[in-house]
Amino acid sequence: MRVLLVEDDQLIGDGLKAGLERLGFAVDWFTDGFEGEEALYQAPYEVAVLDLGLPGQDGLEVLKNWRNNGRKEPVLVLTARGDVDQRIIGLNTGADDYLGKPFSLKEVQARLNALIRRANGRTSPLLTHGDVAFDPETRKVSLSGREVALSPREIALLELLLLNKNKVLSKETIENKIYSWNDEVQSNAVEVHIHHLRKKLGKDIVRTVNKIGYIMEDK
Ligand code: CA
C-alpha cells in the first residue's frame, strides 16, 4: 500500500516513514505544502497522512485543492492535540479522520487500516483467499491457520492482490503501488516477489496473465 506523507517535522516524519515501511507500506514523504499537494497527482496512493502546519501552503489549503480537483483518496489529518477548531475545519474541508499529536505508530496504523478498509467497502478487517488469511492490523499472514513469515514487500504485494481480487494487475501497476519514489526497483522484482508468494502460500495463489500481469481469482 502506497502512503503519501506530508509532514515538515523531521522527527515525526522520520519515525512515521520508517515505522510504516517496516509494516510493509511504501511511503513517500514530503515536507512542503506545494510539493505534497502535487505528489498526490503523480502516483497511485491508497491513503494520505497530512500535517496542517506546513511551509509553502498549509495542510488545509492542500486538502481543499485535492478535493476541488476531485481527488477522493482518504486523508488522515495530523493536528495539535486538543485543537478542536482545526479538527472541525479539517473534517469540513474533506478530511476523513484526524489524529492529535503526539501519537503512536500503532494509532496511525489503526487509522490508516480503517480508512483503507472503508475506501474499499469492506466490513471485516480480515482479508482472506482460500486457506490464506491476512490481518492488516497485525500484518500477519496465515495458511490454514498456521502463521507464514513474509517480507514487508511480500506482504504489501499480497495485500494489494487481496484488495484487487479478480482484477488483472499489470507489473507496472504493482510496482507503482508497492514501491515509493526512493526505492530502487530491480526489473524482475515483481516476478521474484510473486515466486516467493507461490512458494510460501501455494502455486495457485496468483495466476500469471500472459504479457499483461497477475490476477488473484476466486475459485
Ligand atoms: Ca508542522
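Quick caveat, the model's predicted, so the values are computed rather than measured. Atoms within each ligand, like the ligands themselves, are counted from 1 in listed order.
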Can you hop from L169 to V192 via hydrophobic side chains spaced under 4.5 Å? no
Between N65 and E37, does any side-chain donor sit less than 3.5 Å from a side-chain acceptor? yes
By salt bridge (Lys or Arg N to Asp or Glu O under 4.0 Å), E7 pairs with (sequence neighbours left out) K101
With a 6.0 Å cut-off (strictly less than), is the heavy-atom count around CZ of F30, excluding the residue itself, greater than 12? yes
Would you check if there is a donor-acceptor pair between the side chains of S180 and D183 at a distance under 3.5 Å? yes
The Ca ion (ligand 1): which protein N, O or S atoms are under 3.0 Å away? D8 OD1, D51 OD2, G53 O
Do R139 and F25 form a cation-pi contact, if we require the NZ or CZ to be under 6.0 Å from the six-membered ring centre and within 45 degrees of the ring's axis? yes
